[in-house]
Enquirer: 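Dumping the structure here so I can ask a few things about it.
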Amino acid sequence: MKTLVIHPYLKNDHSGRRSPQARLDEGVRLTHAISLDVRMAQLVPLTLYRPATLIGQGKADELKIIIDQQEIGLVVVDGSLSPVQQRNLEKVWECKVIDRTALILEIFGARARTYEGKLQVELAALEYQKSRLVRSWTHLERQRGGFGFLGGPGESQIEIDRRLIRDRIARIKRELESVTRTRELHRKTRREVPYPIVALVGYTNAGKSTLFNRLTGAKVKAMDKLFATLDPTLRNVKLPSGLHIILSDTVGFISDLPHELVAAFRATLEEVVEADLLLHVRDASHPDTGAQKADVLGVLSGLIPEEKLSEYMVEVLNKIDQLPDGAPDTNVIAVSALTGAGIAHLLATLDARLSALFMTTLSLKLPAEEGEKLAWLYRHGSVISQEEEEGSLQIRVRLTHENAARWAKMARKH
Ligand code: GTP
């Protein structure tokens, strides 16, 4: 569908941390993320927000000319519209109009992969819809295929009454409770595997999936689209010391996240809360990298106590290949997930942080003929040194606590 993206902002408001242009660019990327055909993007500077149409009549008429000329079928307003403003703009422009919340809901709807994720998004969409009943856009429509707001059977028929929505919300909530219980069980099983969990977090488009792929060698979707990763993806990675970790890719953070959607993040965020280490991936080449960092930290600090957060978060500056002066000369870890620069340093840092917590060093003496046990140690740990001494082997090896316990049990048996 031919789409126009606009970003309305107040001319005299200089409190914003982001430039309007960067916000518009983000709006365009968000719109691309659901494969809409963006024909044009415009900044709309305003002196004040108007209750009836948000933007002034003159500007609305001006845009109407573009909409007609370009045969625009959808206008995405990167901002918040009241139901009245939305309806009025649709009348003036004679096309569909959606705001940022609806756009993000659509993206999440299209990207949710797990059953739980889908339920969470549907719940969020219903809550949004309940507050603006009798909208042309409806998530229930999605079940018949396609995006709700792009049309579908006669709009006038899509008058879903409040009770229907309320019933559906209640049903989804019940279903979610049972799904969450099942997931708890799964998580317990996984927790018995004593691998440290490292979660990648970061602003959308920072390069988390690319880094995830780089670290795991996996071909997980990495594209220049937002939210390729609404549901957590888990992979096993072996660090240089032999320590296995579970790497978890999470959904990208975003500014002005609609509050209706916060619950939809729970699956991902719980993963983050449970992690042993957080890697905060930042796009060092983005002009708003500071504001993006503040956004991410703002969301995380609502979930994790601040002392803990600073203790277990490692910041990774990504996309250094895009910086004219190369890696910034600071203590932070600087990488390019794209070229692989700095990755060895990152892995070594992870190793140093996690080995101390999860590994133990043993000094052992093995009779030389115990080839099988020696092989076990090589398989399960990281042998630091091995010396022969009067027919026996003197070995220093790093093992996870769990493998050290297994070793002790094996040694007792003989
Ligand atoms: P979300 O799924 O939206 O949260 O994004 P993400 O953080 O997972 O980002 P993703 O890995 O999809 O990367 C976004 C874009 O940045 C892609 O076009 C990548 O190719 C690009 N990118 C990632 N890492 C680098 C890097 O080190 N250098 C450069 N130049 N581009 C990168």
Side-chain angles (χ1 to χ4, degrees), residues 22-23 25-36 100 103-114 117 121 198-235 237 247-258 261 264-265 267-269 271-272 278-289 291-293 295-297 299-300 313-328 332-347:
R23 279 293 304 260
D25 292 346
E26 184 176 300
V28 170
R29 277 212 320 278
L30 286 165
T31 310
H32 272 306
I34 42 172
S35 308
L36 288 167
R100 187 176 163 88
L103 178 66
I104 292 174
L105 281 168
E106 282 295 327
I107 294 167
F108 284 1
R111 293 294 156 92
R113 285 200 300 265
T114 64
V121 176
V198 176
L200 295 175
V201 296
Y203 201 78
T204 184
N205 223 44
K208 293 178 301 301
S209 297
T210 311
L211 185 62
F212 184 81
N213 289 347
R214 171 67 63 182
L215 293 174
T216 61
K219 293 268 179 298
V220 173
K221 241 190 291 177
M223 39 182 165
D224 199 6
K225 288 186 172 182
L226 306 180
F227 308 107
T229 46
L230 183 60
D231 292 303
T233 319
L234 302 173
R235 279 291 142 82
V237 177
L247 199 63
S248 156
D249 193 6
T250 65
V251 66
F253 289 71
I254 183 159
S255 64
D256 300 336
L257 185 73
L261 264 178
F265 277 111
T268 300
L269 297 179
E271 214 72 34
V272 166
L278 290 186
L279 281 190
H280 178 190
V281 184
R282 293 181 55 193
D283 179 350
S285 71
H286 198 284
D288 294 330
T289 185
Q292 294 180 343
K293 172 179 175 169
D295 272 330
V296 172
L297 294 186
V299 175
L300 287 178
M313 190 155 75
V314 172
E315 194 169 286
V316 181
L317 291 189
N318 189 32
K319 306 199 187 180
I320 52 162
D321 56 291
Q322 296 284 79
L323 297 181
D325 306 326
V332 296
I333 301 165
V335 303
S336 166
L338 205 62
T339 67
I343 297 296
H345 179 215
L346 171 60
L347 284 171

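Values below: every heavy atom of this structure, side chains too, minus hydrogens, waters and symmetry copies. Indexing begins at 1, ligand by ligand and atom by atom, following the structure's order. The model shown is predicted, which means the values in this text are computed figures rather than measured ones.
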Enquirer: With a 4.5 Å heavy-atom cut-off, do E315 and I333 have their side chains touching?
Expert: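 E315 vs I333: side chains apart.
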Enquirer: A206: heavy atom below 4.0 Å from ligand 1, yes or no?
Expert: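 Yes; A206 lies near enough to ligand 1 that a heavy-atom distance drops under 4.0 Å.
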Enquirer: Show the nearest heavy-atom pair for residues T289 and R282, with the distance to one decimal.
Expert: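 The answer is OG1-NH2, 3.1 Å.
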Enquirer: Heavy-atom distances under 4.0 Å are what count here, so tell me which part of L338 touches ligand 1: side chain, backbone, both or neither.
Expert: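 The answer is both.
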Enquirer: Relative to the heavy atoms of S209, which atoms of ligand 1 are at a distance of less than 4.0 Å?
Expert: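 Listed by number with element: 6 (P), 8 (O), 11 (O).
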Enquirer: Can you list the ligand 1 atoms lying under 4.0 Å from a non-hydrogen atom of T210?
Expert: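 Counting from 1, the qualifying ligand atoms are 10 (P), 11 (O), 13 (O), 19 (C), 23 (C), 24 (N).
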Enquirer: How close do A337 and G207 get, counting heavy atoms only, and between which atoms?
Expert: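 Smallest heavy-atom distance, with atoms named: CB-O, 4.4 Å.
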Enquirer: Under 4.0 Å from ligand 1, counting heavy atoms only, is it the side chain of T204, its backbone, both or neither?
Expert: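 Both backbone and side chain of T204 come within 4.0 Å of ligand 1.
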Enquirer: Is the backbone N or O of A206 less than 3.5 Å from a side-chain atom of N318, with the two atoms forming a donor-acceptor pair by type?
Expert: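 Side chain of N318 to backbone of A206: a pair is present.
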Enquirer: Would you indicate which of N205, I320, V335 comes nearest to atom 5 (O) of ligand 1 when only heavy atoms are counted?
Expert: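 Shortest heavy-atom distance from atom 5 (O) of ligand 1: N205.
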Enquirer: Where do R29 and T204 come nearest, in terms of heavy atoms and distance?
Expert: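 Minimum heavy-atom separation between R29 and T204: NH2-O, 4.3 Å.
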Enquirer: At less than 4.0 angstrom from any non-hydrogen atom of S336, what atoms of ligand 1 do you find?
Expert: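 Taking each heavy atom of S336 in turn, ligand 1 has 26 (C), 27 (O), 28 (N) under 4.0 Å.
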Enquirer: Could you check which of K319, K208, R214, H286 puts a non-hydrogen atom nearest to atom 7 (O) of ligand 1?
Expert: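 It is K208 that holds the nearest heavy atom.
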Enquirer: Nearest heavy-atom pair of T339 and R214: which atoms, and what distance?
Expert: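 Minimum heavy-atom separation between T339 and R214: C-NH2, 3.6 Å.
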Enquirer: Any idea which atoms of ligand 1 are less than 4.0 Å away from a heavy-atom of A337?
Expert: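 Those of ligand 1 that fall under 4.0 Å from A337 are 24 (N), 27 (O).
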Enquirer: Would you name the heavy atoms of L215 and V237 that are closest together and state the gap between them?
Expert: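 Heavy atoms of L215 and V237 come nearest at O-CG1, 3.7 Å.
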Enquirer: Is there a nitrogen or oxygen of L211 sitting under 3.5 Å from a nitrogen or oxygen of ligand 1?
Expert: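 So ligand 1 has no N or O lying under 3.5 Å from an N or O of L211.
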Enquirer: With heavy-atom distances below 4.0 Å as the criterion, list the atoms of ligand 1 near Q322.
Expert: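 This gives 30 (N) as the contact atoms.
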Enquirer: Testing the basics here: between E26 and Y203, what is the closest heavy-atom pair and its distance to 0.1 Å?
Expert: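 The pair with the smallest heavy-atom distance is OE1-OH, 2.8 Å.
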